[in-house]
Protein chains: 4
Amino acid sequence: MRHETIDLIFDAAVEVFAEYGFERAKVDDIAMKAGIAKGTIYYHFKSKEELFVALMNEGLEKMLDHIHVEMDRTESPREQLRRILAAQVRFLIGHGTFTKLLLTEVWGSKERQQAFRSRIRQYIDMIEQVLRRGTEQGIFHLAHANETAASIFGAVSVAVLHTIYRCQDQSEQMEAEIPKIIDTLEHLLFNGINA
Amino acid sequence: MRHETIDLIFDAAVEVFAEYGFERAKVDDIAMKAGIAKGTIYYHFKSKEELFVALMNEGLEKMLDHIHVEMDRTESPREQLRRILAAQVRFLIGHGTFTKLLLTEVWGSKERQQAFRSRIRQYIDMIEQVLRRGTEQGIFHLAHANETAASIFGAVSVAVLHTIYRCQDQSEQMEAEIPKIIDTLEHLLFNGINA
Amino acid sequence: MRHETIDLIFDAAVEVFAEYGFERAKVDDIAMKAGIAKGTIYYHFKSKEELFVALMNEGLEKMLDHIHVEMDRTESPREQLRRILAAQVRFLIGHGTFTKLLLTEVWGSKERQQAFRSRIRQYIDMIEQVLRRGTEQGIFHLAHANETAASIFGAVSVAVLHTIYRCQDQSEQMEAEIPKIIDTLEHLLFNGINA
Amino acid sequence: MRHETIDLIFDAAVEVFAEYGFERAKVDDIAMKAGIAKGTIYYHFKSKEELFVALMNEGLEKMLDHIHVEMDRTESPREQLRRILAAQVRFLIGHGTFTKLLLTEVWGSKERQQAFRSRIRQYIDMIEQVLRRGTEQGIFHLAHANETAASIFGAVSVAVLHTIYRCQDQSEQMEAEIPKIIDTLEHLLFNGINA
DNA sequence: TATGAATGAGTATTCATTCAT
DNA sequence: TATGAATGAATACTCATTCAT
């Protein structure tokens, strides 16, 4: 069990970072929201940046794990991709604040942003592998595996983000949208829109 | 003819904003890069925010115009969507710095970010209309028009951004990638990956 | 003529640094004492440290110049040393705040402190040269030139500092002590205490 | 027998204080270097300041004792002064870290600094007494006893400090310099530099 | 005695903005 | 129009000190 205080900090931090973005987020606000003193944050993390990186890495870790688990349940590329889509949508909707951070704070030239991107690239590479195996087995038919994988990641992420902003963080409504989004994405990505 | 100074400012501003993001971008840096005094920026723009909004709006305007023009060249929904995809990819690759800003600075809770999002929503709505007309004409076949439109926007944007970061701003290389990206997207979105 | 604002800053800074020492001195206090805004200090100096270094270097420069001028007025080593002593005492008494800083802030392991020490070493080396020439000419008689020079520097500085603290910064009283200090030092260093 | 922990703290504290000076020295660092928990320091000392004062007083005590012992071995003022010089040099070289602190932390306006100065003044007064007795006995010949005493203290301290910094804490080298320094000082202070 | 997690007052530094020239 | 010196509110971060265990 990780230290309780750190969990308090993490919980407060995701919210504050998600609402204001990294730069505008105030360490004071995180401390206040966590109900602890500002110094306590600095006792556990060397800097605002380190806290943020720890937070994001934990989120990315969880996301990747979550998807790996789902993927390993089957061998069939088609089924794997289906599960990836569903798992990804559920995870992102379920972690709306993290999702906002993910798409907001991974672009840019700072070192940490490059580090985040390389993890997302890992994720995209994973999809790429599934696509390649499917193509080899004659199940999938596609032009360029890596670019397609990136596009799929974009379609999923933005579809979810679009929903999150539309529902304005009402988590119940968002939950209700999950099947619709999964349905949309499966249809679009597997069959395309051609009749 | 717009004032020359303003162009100097705009050119410097896109670069600085794209490299550092809105918050970390310094007005000093913009002034220095533009080769003018800091005060001059404030002579032309009320604030850093106003400059940024003007910049983004000009970009969004151009982007939407560009796509409208392409779209109006044909009546067929399929051809329209094809043109939208191509135009969008070409525009984003051709305006890499703007593209980075687009996906970085539209999320968040600040007013200007909501304003940007509503313009992007306009763009998504436009795609939605095309999809709907295509569906009515029996040309397209899809689950949920709005969600599909958002997904398409995400696929296109992230595919381009992925390429931009992979080519590390080498504009020639990026240009060379354009057909590949368009090809990938057309295939994926029209036909899906099912064999 | 150097910028007037910088003079205001310098004047305030010596006092504050001398009273509190580098670490305890507050930039706020310097600004307040100078009658300017805190930001103005940072407009002219990159940091508290840079301001301090600029200050000390100016002081050291002045001190060394002052003494060089006095020294160049004669060829005789004995007369040169006599002038150095007198000039040094007058300068240090006349710049009491600087003197405190000199002996307080040159020791330590920080880079700037090493830089200051190397300038003081220059000063000691200068005395050493005079001693050597005097020895060669059979005028002086001493054991080890460099160590003797360092001792002379120590005798002068501490004698002055001792007086400064005894008179508690009453500048008139301090002025009155000048001849006594010079007399003491000349007697001690030229003739020793042996009867 | 003093508590072992306190010795650990003292040993660590001199080093840290000598390297960084009072203000920049961190209680954390002292605790780490002593291999104990930070709280333990506060169990034994009320504050960082109290620890520092205890440290300095112990050093000053030792120094004064050391010199008193040497002085009491003879009645002759000349021999007394000779012994004072030698004892002082040996002590300071042998306690290099303390010496740095001595000349760094005794100046300034804080209460503890004034307290330190008054002890140093005691030391100077002691020298003064020797000088006066020597003068009365016709052995010494000097201008102003108190100022001369201060100058002697300065000559000795700075000569030693100069050597410490030149040898960069290589204790063997420093030991080797002791006779040279004593020789230099005796010659300078007893006979002066006049041939 | 000893610990180390938690505290919060204290401060250097940044940077958008203003305004006299 | 253009300038750049001056401003001061805003904030990340430090570190001596406390206290429950």
Side-chain angles (χ1 to χ4, degrees), chain A residues 3-6 8-9 23-32 34-51, chain B residues 3-6 8-9 22-32 34-52, chain C residues 3-6 8-9 23-32 34-51, chain D residues 3-6 8-9 22-32 34-52:
Chain A
H3 204 291
E4 196 194 327
T5 308
I6 290 187
L8 285 173
I9 296 173
E23 300 293 341
R24 292 202 305 133
K26 287 182 246 172
V27 177
D28 281 276
D29 285 353
I30 296 174
M32 193 172 310
I36 58 172
K38 194 200 330 213
T40 306
I41 291 179
Y42 284 93
Y43 181 76
H44 292 284
F45 299 93
K46 249 201 340 245
S47 64
K48 178 180 164 183
E49 168 121 14
E50 201 186 270
L51 165 58
Chain B
H3 199 291
E4 195 194 329
T5 307
I6 291 187
L8 286 174
I9 295 173
F22 177 78
E23 300 291 343
R24 292 203 307 134
K26 290 182 228 169
V27 176
D28 278 278
D29 285 352
I30 296 173
M32 191 173 310
I36 59 173
K38 185 169 28 173
T40 308
I41 290 179
Y42 282 88
Y43 180 78
H44 292 284
F45 299 91
K46 220 168 58 195
S47 67
K48 177 181 165 183
E49 169 122 14
E50 200 186 273
L51 166 58
F52 182 65
Chain C
H3 204 291
E4 195 194 329
T5 308
I6 290 185
L8 285 174
I9 295 173
E23 301 292 341
R24 291 202 306 134
K26 288 182 245 173
V27 177
D28 280 275
D29 285 352
I30 296 174
M32 193 172 309
I36 59 172
K38 195 195 333 209
T40 306
I41 291 180
Y42 284 91
Y43 182 76
H44 292 285
F45 299 93
K46 246 196 347 241
S47 64
K48 178 179 163 183
E49 168 121 15
E50 200 186 272
L51 165 58
Chain D
H3 200 292
E4 194 195 329
T5 307
I6 291 187
L8 286 173
I9 295 174
F22 178 78
E23 300 292 343
R24 291 204 305 134
K26 291 181 227 169
V27 177
D28 278 278
D29 286 352
I30 296 174
M32 192 172 311
I36 59 173
K38 185 168 27 171
T40 308
I41 291 180
Y42 282 88
Y43 180 78
H44 291 284
F45 298 92
K46 219 168 61 195
S47 66
K48 177 180 166 184
E49 169 121 13
E50 200 186 272
L51 165 59
F52 183 64

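A, B, ... follow the sequence lines: proteins, then strands. Residue 1 opens every chain.
Without hydrogens or angle criteria, C:Lys48 side chain to C:Ala25 main chain gives a donor-acceptor distance under 3.5 Å.
No side-chain heavy atom of A:Val27 sits less than 4.5 Å from a side-chain heavy atom of A:Leu51. Put simply, the side chain of B:Thr5 does not reach to within 4.5 Å of the side chain of B:Tyr43, judged on heavy atoms. Contact annotation: the side chain of B:Glu49 approaches that of B:Phe22 to within less than 4.5 Å [non-hydrogen atoms, C-beta and beyond].
With rounding to whole Å, B:Arg24 atom CZ is found 17 Å from F:dT11 atom P. Between B:Glu23 atom CD and E:dT14 atom P there is a gap of 17 Å when expressed in whole angstrom units. The nearest whole Å value for the distance from the CG atom in B:Leu8 to the C1' atom in F:dT1 is 14 Å. As a whole-Å value, the separation of C:His44 NE2 from E:dT14 C1' is 16 Å. When rounded to the nearest whole Å, the span between CZ of D:Phe45 and C1' of E:dA2 equals 15 Å. Whole-Å rounding puts the C:Ile41 CD1 to F:dG8 C1' distance at 13 Å. As rounded to whole Å, 16 Å separates atom P of F:dA12 from atom CD of A:Glu50. Regarding D:Leu51, its CG atom lies at a distance of 17 Å from the P atom of F:dC15, rounded to whole Å.
Projected onto DNA chain F by closest heavy-atom contact, B:Tyr43 and C:Thr40 fall at different nucleotides, the more 5' of which corresponds to B:Tyr43. Along DNA chain F, the nucleotide nearest C:Ile36 and the nucleotide nearest A:Lys26 are compared for position; the residue whose nucleotide lies closer to the 5' end is C:Ile36.
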Please list each protein N or O that sits under 3.5 Å from an N or O in nucleotides 17-21 of chain E, with the distance.
{"unit_1": "E:dT17", "atom_1": "OP2", "unit_2": "B:Tyr42", "atom_2": "OH", "d": "2.8"}
{"unit_1": "E:dT17", "atom_1": "OP2", "unit_2": "B:Lys48", "atom_2": "N", "d": "2.9"}
{"unit_1": "E:dT17", "atom_1": "O4", "unit_2": "B:Lys38", "atom_2": "NZ", "d": "2.8"}

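Here NZ of A:Lys26 is found 5.0 Å from CG of A:Asp29. Values are rounded to the nearest 0.5 Å. With values rounded to the nearest 0.5 angstrom, C:His3 atom NE2 is found 9.5 Å from C:Ile9 atom CD1. Considering OG1 of C:Thr40 and CZ of C:Phe45, their distance stands at 11.5 Å, rounded to 0.5 Å. Interatomic distance, C:Asp28 CG to C:Lys38 NZ, rounded to the nearest 0.5 Å: 3.5 Å.
Look at D:Thr5 and you won't find any side-chain N or O under 4.0 angstrom from OP1 or OP2 of E:dT1.
Scanning for side chain to side chain contact (heavy atoms under 4.5 Å, CB included) contacts around C:Leu8 gives C:Ala34, C:Ile36, with sequence neighbours left out.
Helical stems involving DNA chain E, defined as 3 or more consecutive Watson-Crick or G-U pairs under 3.5 Å, span E:2-21 with F:2-21.
D:Ala25 comes within 4.0 angstrom of sugar-phosphate atoms only, judged by non-hydrogen atoms across all strands, and of no base.
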